[in-house]
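Reading through the structure tokens given below for one structure.
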Amino acid sequence: MDIPITEARNPITTTIDVASPDDIVKKLHECDREIFNGWNQYKGLFHPETISTIRQISVVAVDILKKPDGVIVLSGCGTSGRIAFLIARNFNEVLRNSGREECFRYLIAGRDKALFTSQEAPEDDPQCGIEMLKEATTGRNRVLFIGITCGLSAPFVAGQLCHCMENINIYTPVLLGFNPCNLARNIKIEKWDKTFLQVVRLLENEVAENKAYILNPVVGPEQITGSSRMKSGTATKILLETIFVSCIKATENIPSNIEAHLKSYQDLCEVVYKETSSISKLVQLAGDSLKAGGSISYIGWDSLGVMGMIDASECPPTYGASLSDIRGFVDSGYKLLNNQEGDLSPMGKYYRISIEEFQSDVLPSLKESDLVILLMKDESCAVADILSNSTCKKACICFNSEEKIQQDRLDCIVSVDLYSLTTEPLGDQHYKSWAQLYKELSTKWILNAVTTGAHILKGKVYQNIMVDLKVSNNKLFFRAVGIIQNFSNLSKDVCQEYLLKSIYMTDDLSEDLKSLQVKDYIVKATSMEKVVPTALVAAILKCKIDDARKLLSQHHVIRTAISDILNNRPM
Ligand code: S6P
């Protein structure tokens with residue numbers, strides 16, 4: 001079976017685990033360039049077909065905005081749902097600022113708490129996706145639905161696409177992702193009668209009649225295998241913004257050039273990575289903190305704070321980080337977020353997200369091993385003052401303003417010079433909003449580099465694979481099987497057995513255990529530690545699960561454990 005591109009290994013990063021911070025950032029950059037330059041023979045971002053699909057979706061969006069009962073729903077799981085939230089929030093603000101009705105809605109599997117903490121399980125539930133879509137669109141007669149699933153895989157989105165097709169007179173469904181259609185997931189969805197691939201095939205019939213769209217340029221494999229928060233998340237943001245900037249302009253009779261708009265993001269990528277040396281300094285600081293058991297806090301203003309929260313929320317599922325390792329705080333808290341469920345702070349300490357809460361909950365206990373990164377809207381943000389009495393490390397990411405920031409108080413400044421960006425003329429009334437989109441993406445690239453780099457330095461990654469992943473949903477279960485297969489060269493069935501042995505901590509799998517459903521394995525595995533490394537070591541050495549666990553416990557760092565074991569295995 002062909003591996004989906006979003007799950008494939010990127011040859012650029014196979015040695016990223018042993019690279020210096022500077023080389024880590026350079027490799028990330030090289031991979032990010034593939035978003036624009038394309039990958040192998042596949043249709044990329046600038047392909048005429050991609051541009052034409054963007055244009056057509058934008059035309060539908062214009063039509064929806066003109067209808068009194070029209071609504072645009074953006075939906076996804078994990079990072080895809082968080083980007084959906086961000087875009088809906090930003091474009092509602094644009095509409096509000098020009099006195100128009102807000103008509104963007106977002107849906108995220110696991111609802112609003114999934115904006116800050118990973119909720120991987122609801123991703124597998126198509127029925128839940130349908131219920132949430134119905135809820136968001138009751139009473140509406142025209143809906144543009146954009147289902148985002150980078151891997152063309154999430155059952156939550158599959159259910160919603162089916163619901164749209166069953167009510168095609170109301171909904172125009174769009175599938176947004178980054179695999180060619182034939183590589184959509186073809187694994188049985190539990191409690192459902194279709195695979196994702198079958199849903200795609202049905203959707204293709206609607207596409208042929210211009211009743212649906214599939215927007216799926218290929219952007220190449222992720223830097224860390226399967227980590228679609230990185231390139232795919234970036235490409236999602238770029239594509240949605242391109243669609244809706246063009247749509248808003250059309251409603252104001254301003255011409256737009258889709259290709260030029262896409263090109264401006266390509267230029268931005270170079271402008272951001274021009275700062276490779278300061279970004280790698282920040283990666284080093286972040287790695288030092290994590291290695292010393294310290295934490296990283298992002299404090300941000302405006303939507304840059306949201307970017308910080310999104311990046312932080314992805315670290316537990318991606319790197320098995322604890323919820324306190326990396327946290328995001330934002331000026332004005334939930335007021336700024338404008339999320340559907342409002343203030344979630346009563347749900348517990350990890351939902352306390354304002355700067356005031358940072359000051360009361362976190363600041364007093366910060367030590368030298370902790371790092372605080374300020375995501376500055378402009379130089380007037382006076383947090384350096386808040387931090388002045390703390391011994392923690394301090395850094396900031398800012399735009400066009402390095403000279404105005406008091407350098408002596410900070411250990412690292414990453415300043416992105418947006419003036420050097422030659423963009424499509426954006427001189428309309430929304431200029432500030434559009435400029436903010438570039439700042440958000442710059443922040444995303446830098447923070448993704450910080451957390452990816454820091455976890456690499458902490459030894460969480462082996463080659464370019466995060467081996468110690470949490471087996472917390474169907475996609476991750478099969479990714480884990482693939483990882484064991486990759487290093488052991490055993491058959492898929494045998495690898496799955498090793499995984500189950502590790503989950504149930506036994507060497508003898510009973511027939512009863514073998515006949516359970518994947519969802520049952522996930523329930524058991526989600527709260528467990530080192531499930532995949534244990535299965536991997538047992539599979540490589542063909543040893544007992546208990547022995548594999550003991551061997552792993554002798555090592556502190558997953559990367560060295562796996563590389564030692566692989567290097568010393570009997571031939
Ligand atoms: C990936 C991230 C995940 C995904 C989620 C949805 O780095 O940790 O939360 O965003 O699994 O994936 P997809 O392929 O449906 O967009």
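In this text the structure is predicted, and so the values were computed from the model without any measurement. Every number for a ligand or one of its atoms is a count from 1 in the order of the listing.
Sorted by chain then number, the residues whose non-hydrogen atoms approach ligand 1 to under 4.0 Å are Cys77, Gly78, Thr79, Ser80, Glu120, Glu123, Thr149, Cys150, Gly151, Ser153, Ala154, Ser227, Ser228, Arg229, Thr318, Lys475.
For residues 522-535, no pair satisfies side chain to side chain donor-acceptor pair (under 3.5 Å), with sequence neighbours left out.
Summarising the geometry of Ser228 relative to Glu222, their closest heavy-atom pair is CA-OE2, 3.4 Å, with the distance given to 0.1 Å. Nearest heavy-atom pair, Met307 versus Lys444, reported as atom, atom and distance to 0.1 Å: CE-CB, 3.6 Å.
Remark: Lys188 NZ is packed, more than 12 non-hydrogen atoms of other residues, nucleotides or ligands lying under 6.0 Å away.
Remark: Thr53 engages Ile57, Tyr213, Leu215 in a side-chain contact (heavy atoms from CB on, under 4.5 Å) (not counting sequence neighbours). Considering only residues two or more places apart in sequence or on other chains, Asp32 meets the side-chain hydrogen bond (donor to acceptor under 3.5 Å, both in side chains) condition with Gln223, Tyr273, Trp445.
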